[in-house]
*Asks:* 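Pasting in a structure now, in structure tokens, and then I'll have a few things to ask.
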Amino acid sequence: MVAYAGLFLLGAVVGVAGALAQPAWFPGGLLLALAGCAGAFYGGSRATGTRGGAVAPAAGWLVAVMLLTATRPEGDFVFGAGLGSYAFLLGGMGVAVMCATLGQSPQPGASDARLGK
């Protein structure tokens with residue numbers, strides 16, 4: 001449970017960092033933000049050996065990003081209405097789904113004996 005809580009917090013940090021980096025340098029920042037997402041999601045999956053390891057940082061990323069998309073009473077918000085923001089939101093969700101559905105372990109190798117004999 002501690003590992004999943006840590007991965008949740010890591011996903012939230014990656015979401016905030018990606019939200020700030022992607023508009024700074026448009027094509028490069030967006031690619032860097034999505035690579036950070038992929039690293040957190042896939043790394044969590046590989047570190048725990050379960051699909052839940054990819055879901056925990058993805059949930060943290062989603063919570064952070066959704067909180068950053070909400071407008072404040074002053075009218076400020078982090079995400080602007082642009083191609084980069086939508087690409088980060090949709091791309092991050094796509095990366096999360098891909099990392100959560102990847103197979104975890106290879107199939108067992110074939111034995112020398114034939115089955116059924």
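Numbering of residues begins at 1 and proceeds along the displayed sequence.
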*Asks:* What I'd like to find out is whether the side chain of Leu30 reaches to under 4.5 Å of the side chain of Leu83, using heavy atoms alone.
*Replies:* no
*Asks:* Just so I know, are the side chains of Arg51 and Ser45 near enough to count as touching, which here means a heavy-atom distance under 4.5 Å?
*Replies:*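 The answer is no; the side chains never approach within 4.5 Å.
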*Asks:* To the nearest 0.5 Å, tell me how far Tyr4 OH sits from Thr48 OG1.
*Replies:* 4.5 Å
*Asks:* Are Leu31 and Leu89 linked, directly or through other ILVMFWY residues, by side chains that come within less than 4.5 angstrom of each other?
*Replies:* no
*Asks:* Any chance you could measure Arg46, atom CZ, to Cys99, atom SG, to the nearest 0.5 Å?
*Replies:* 11.5 Å
*Asks:* Do Leu7 and Phe41 come within less than 4.5 Å of each other through their side chains, counting heavy atoms only?
*Replies:*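 No, their side chains stay 4.5 Å or more apart.
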*Asks:* Determine whether Met66 and Leu62 make a side-chain contact, defined as any pair of heavy atoms from C-beta on separated by less than 4.5 Å.
*Replies:*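 Side-chain contact under 4.5 Å: yes.
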*Asks:* What are the two closest heavy atoms between Ala40 and Val14, and how far apart are they?
*Replies:*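 Where Ala40 meets Val14 most closely, the heavy atoms are CB-CG2, 4.0 Å.
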*Asks:* So if you build clusters from Ile, Leu, Val, Met, Phe, Trp, Tyr with side-chain heavy-atom gaps below 4.5 Å, do Val97 and Leu90 land together?
*Replies:* no
*Asks:* So which atom in Ala33 and which in Gly18 form the shortest heavy-atom distance, rounded to 0.1 Å?
*Replies:*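 Minimum heavy-atom contact is CB-CA, 3.6 Å.
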*Asks:* Flag yes if Leu34 and Leu68 sit in one hydrophobic cluster, no otherwise; membership is Ile, Leu, Val, Met, Phe, Trp, Tyr, and two members link when side-chain heavy atoms are under 4.5 Å apart.
*Replies:* yes
*Asks:* Assert yes or no for the condition that the ring centre distance of Phe88 to Trp61 is strictly below 6.0 Å.
*Replies:*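 Yes - the distance between ring centres of Phe88 and Trp61 falls below the 6.0 Å cut-off.
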*Asks:* Would you say Phe8 and Val63 make side-chain contact, with heavy atoms under 4.5 Å?
*Replies:*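 Side-chain contact under 4.5 Å: yes.
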